[in-house]
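Shown next, in structure tokens, is the structure this report addresses.
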Amino acid sequence: MFGKHLVDRGLLRESQLIEVLDAQEKSHVSFGRVAYEMGLMTLEQVMEVIELQRKKSIHFGEVAIELKILDAAQVATVLGQQEDTHMPLGQLLASLGILDPETLDRELRQYHEDQAASPLGEESD
């Protein structure tokens, strides 16, 4: 993991990494918003799913399938799009002013070189 690499290299404290990972998770766009922006759901449908989701405590996509608003393939598509909404760790570190772009670029190159040199490209602890 790139964050661990930065901690191991002394460029980031563990507490900073945890804070940035929390911020990264919060930058995540909701399933309903992604489905709406993709044109798969109306705002009314999103609100209907949210309301039922609160009562049942199950995932948004499961409720949308149950209500026959989306099918399983559409849920998978939205989840794939949703995954792409996370701000990359390096971009977040730069935007928060924790590391400058030059350091990030250098460390990303080093991280990828280290990964390529490890057996089968596996991450090392």
Side-chain angles (χ1 to χ4, degrees):
M1 170 174 144
F2 181 58
K4 183 176 181 323
H5 166 85
L6 294 172
V7 170
D8 291 346
R9 304 257 301 161
L11 297 167
L12 196 61
R13 292 187 313 275
E14 286 183 20
S15 60
Q16 286 176 304
L17 177 58
I18 298 299
E19 288 175 25
V20 172
L21 290 174
D22 285 344
Q24 185 182 39
E25 186 60 33
K26 290 175 185 167
S27 73
H28 175 75
V29 177
S30 71
F31 184 102
R33 181 173 182 158
V34 173
Y36 173 79
E37 289 176 355
M38 291 177 71
L40 295 173
M41 295 179 73
T42 66
L43 183 58
E44 292 77 20
Q45 290 171 323
V46 169
M47 298 310 294
E48 179 183 4
V49 170
I50 289 171
E51 192 61 40
L52 188 56
Q53 183 186 23
R54 287 183 182 147
K55 294 175 185 172
K56 292 192 167 205
S57 295
I58 60 176
H59 293 287
F60 189 101
E62 293 175 66
V63 176
I65 290 171
E66 184 179 307
L67 293 174
K68 298 186 182 344
I69 296 171
L70 298 176
D71 60 34
Q74 290 170 315
V75 168
T77 299
V78 173
L79 288 171
Q81 284 292 114
Q82 186 184 32
E83 184 64 31
D84 292 338
T85 67
H86 285 287
M87 183 181 287
L89 182 66
Q91 184 178 346
L92 197 53
L93 288 166
S95 70
L96 294 171
I98 295 172
L99 292 177
D100 62 84
E102 294 79 20
T103 301
L104 281 169
D105 185 52
R106 182 187 70 237
E107 291 304 320
L108 268 171
R109 280 195 310 270
Q110 183 63 53
Y111 173 73
H112 289 297
E113 287 174 17
D114 293 348
Q115 293 302 300
S118 69
L120 302 175
E122 295 174 0
E123 290 188 23
S124 58
D125 290 337

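For the numbers below, each heavy atom of this structure counts, side chains included, while hydrogens, waters and symmetry mates do not. Note that the coordinates shown come from a computational prediction; the quantities given were computed from them, not determined experimentally.
Side-chain contact check for Arg9 versus Thr103: every heavy-atom pair is 4.5 Å or farther apart. Here the side chains of Asp8 and His5 are not in contact, with every heavy-atom distance at 4.5 Å or above. Two residues are said to be in side-chain contact when any heavy atoms from C-beta on lie closer than 4.5 Å; Ile69 and Glu48 meet this criterion. Within the 4.5 Å cutoff, the side chain of Leu6 has no heavy atoms near those of the Leu17 side chain. At a threshold of 4.5 Å between non-hydrogen side-chain atoms, the residues Met1 and Leu21 count as touching. Between Phe60 and Val75 there is no side-chain heavy-atom pair separated by less than 4.5 Å. Between Val63 and Phe31, every side-chain heavy-atom pair lies at or beyond the 4.5 Å cut-off. At least one side-chain heavy atom of Ile58 sits less than 4.5 Å from a side-chain heavy atom of Glu66.
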Derivation of the side-chain contact (heavy atoms from CB on, under 4.5 Å) call for Glu107 and Leu99: CA-CA 10 Å; Glu107 291 304 320; Leu99 292 177; 6.0 Å; no
Passes side-chain contact (heavy atoms from CB on, under 4.5 Å), Leu93 versus Leu12? Steps please. CA-CA 10 Å; Leu93 288 166; Leu12 196 61; 3.9 Å; yes
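The backbone N or O of Asp71 sits less than 3.5 Å from a side-chain atom of Gln74, completing a donor-acceptor pair. Not one N or O on the side chain of Gln53 forms a donor-acceptor pair closer than 3.5 Å with the backbone of His59. Remark: side-chain polar atoms of Gln24 are paired, donor with acceptor, to backbone N or O of Met87 under 3.5 angstrom.
Closest approach of Gly90 to Leu104, counting heavy atoms only: O-CD1, 3.1 Å. Ile65 approaches Ala72 most closely through the heavy-atom pair CD1-CA, 3.9 Å.
Residues Leu96 and Ile18 do not share a hydrophobic cluster, defined by chaining ILVMFWY side chains whose heavy atoms lie under 4.5 Å apart. Leu40 and Val29 fall within the same hydrophobic cluster, where Ile, Leu, Val, Met, Phe, Trp and Tyr residues are linked whenever their side-chain heavy atoms come under 4.5 Å apart, directly or through other members.
Distance check: Lys68 NZ to Leu70 CG gives 12.5 Å after rounding to the nearest 0.5 Å. A distance of 11.0 Å separates CD in Glu37 from CD in Gln82, rounded to the nearest 0.5 Å.
Residues forming a side-chain contact (heavy atoms from CB on, under 4.5 Å) with Asp105 (at least two apart in sequence, or on another chain): Arg109.
The environment of Met47 atom CE is sparse: at most 12 non-hydrogen atoms of other residues, nucleotides or ligands sit within 6.0 angstrom. The number of heavy-atom neighbours closer than 6.0 Å to CZ of Arg33, taken from other residues, nucleotides and ligands shown, is 12 or below.
Using a 30° and 60° split on the angle between ring planes, Tyr111 and Phe2 fall in the perpendicular class, above 60°.
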